[in-house]
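Being a predicted model, the structure only gives us computed values, none of them experimental. Lettering follows sequence order; numbering is per chain, from 1.
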Protein chains: 2
Amino acid sequence: MADNRVTGQEGRRLVSTAIRRALSAGDLVPGQRLVEQELSESLHATRNCVREALQDLAAEGLVELVPRRGARVRVVSVEEAIQITECRAALEGLCARRAAQHASAEQREGLREIGARMREAVADGDLNTYSALNRELHALIAEMSGQKVAGGLLDRLKGQMVRYQFRLALRPGRPAKSLPQHLAIIEAIVTGDGHAAEAAARAHLDSVIEELRATPVTEPTRSATHAVRA
Amino acid sequence: MADNRVTGQEGRRLVSTAIRRALSAGDLVPGQRLVEQELSESLHATRNCVREALQDLAAEGLVELVPRRGARVRVVSVEEAIQITECRAALEGLCARRAAQHASAEQREGLREIGARMREAVADGDLNTYSALNRELHALIAEMSGQKVAGGLLDRLKGQMVRYQFRLALRPGRPAKSLPQHLAIIEAIVTGDGHAAEAAARAHLDSVIEELRATPVTEPTRSATHAVRA
DNA sequence: GTCGGAACTATTGTCAACAATTTCGTCGAT
DNA sequence: ATCGACGAAATTGTTGACAATAGTTCCGAC
């Protein structure tokens, strides 16, 4: 099984997840070219696989596909990141409201637990755990709301934000600011106050927007030709 | 140029728009199979074109792509249509608010004009015109808001609703109910009252949800194999 | 008559070679 | 030195044939 090239629709999925991973790991930077042959060699897949995987990623808004000129990692400007977050505010507000309205007792208990663990993580200064809990919280709220459509849209939007989310989480003082916001969302949902839950979710993401506004402009990063690890 | 088959990325676009059109015209019903060869013949395109177009449509949520089993027109349940409309409410609320906040004087004037024409169309009982103005209004608000991301998501969501939108517009008494709602949205945006604009947009779509709830269940429509006109 | 299975058909998936296009470097003229 | 034209290399796009799979029909045994 040394150089058995991956193929078919399975390979297509493998290739796209490999690129996705490389993207969120920072191995691929925005603007970077994605050459089909290079990828097919480094990932041991057929060019066809790679091609189709790139189409999928383009449909998700992760790469930009210019005809006859190949694929690039899509550059998400700060302005666009702000707009994405505004959409997230609207959609997560919806999810929070619905979650508050009809969540089971166990689900509410689960929320409370995540809140407690978040408090702990921040107290311990454990950024990684806090970041993971953050994702877990937002995902749980989306699931609790029963809003599958909104959940799908949110996944999409978050996928396009990987770079910024990474950057924001590392900001000094960020956890101290976001923790109470998260706790407020949890409190409102547990209490069953839909209106408050929506307001809290919106307030949280408005704060993220504030943070984004203070983001230094990113240089267009034209070069950086490097491979994706298999 | 009788049977010069369309090809390439241009053909891909042509095929996908042809299918889109057939879909919203009702020539293709939910659940219907889309066989690559049939389509390539009726649309004078290569199978490759059709294949790629189908991928695009699947990415937009218009068709369902089952591996080794081909493409079908995706069936959108009433429940899902409701969820889609809830997302629309959240996103159009955002757009209305932003439009109210920073729209130019000419844009506000344009809104007012659409409102007047809507009134006329309803008074004349001209359903087609009213329906067209409806789409125009929503599109204009999205554009005025400057929210490109939200606009893109909304286009996507509306695309999945074609069948229901068609059905709802024909409902007796529907225009009489929706006209004042549309006028309220316009009024709030023209006035510059973001909060009211958001509330009005939401109220409008909540009313659409009410209407959807009163929709009879659609039969799964399994058969109906018919061609797409070129 | 019904069930199971075997051939057959219809349909999608894959590939490798070829075509077309862009990009980059080189060379010559001004 | 700068600019433009030309050509070579790199890269994407396209095609048609073939492989693999799902669906269907038909036949025979019980």
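Every side chain to side chain contact (heavy atoms under 4.5 Å, CB included) that A:Q55 has, sequence neighbours left out, goes to A:L65, B:R12. Every residue meeting the side chain to side chain contact (heavy atoms under 4.5 Å, CB included) condition with B:E136, not counting sequence neighbours, appears here in chain and number order: B:I114, B:R117, B:L133. Shown here are the side chain to side chain contact (heavy atoms under 4.5 Å, CB included) partners of A:E79, two or more places apart in sequence or in another chain: A:S77, A:Q83.
As rounded to whole Å, 17 Å separates atom P of D:dA17 from atom CG of A:N48. Protein atom CD of B:E10 is 15 Å distant from nucleotide atom C1' of C:dA20, rounded to whole Å.
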Ignoring hydrogens and angles, write down the donor-acceptor pairs under 3.5 Å from the side chains of residues 151-161 of chain B, residues two or more places apart or on other chains.
residue : atom : partner : partner atom : Å
B:R156  : NH1  : B:A59   : O            : 2.9
B:R156  : NH2  : B:A59   : O            : 3.2
B:Q160  : OE1  : B:R74   : NH2          : 3.3
B:Q160  : NE2  : B:E60   : O            : 3.1

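For residues 62-71 of chain A, no pair satisfies side chain to side chain donor-acceptor pair (under 3.5 Å), with sequence neighbours left out.
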Quick one, give me the B/S/- string for nucleotides 7-13 of chain C, reading 5' to 3', where B means a protein heavy atom under 4.0 Å from the base and S means that only happens at the primed atoms, P, OP1 or OP2.
----SBB
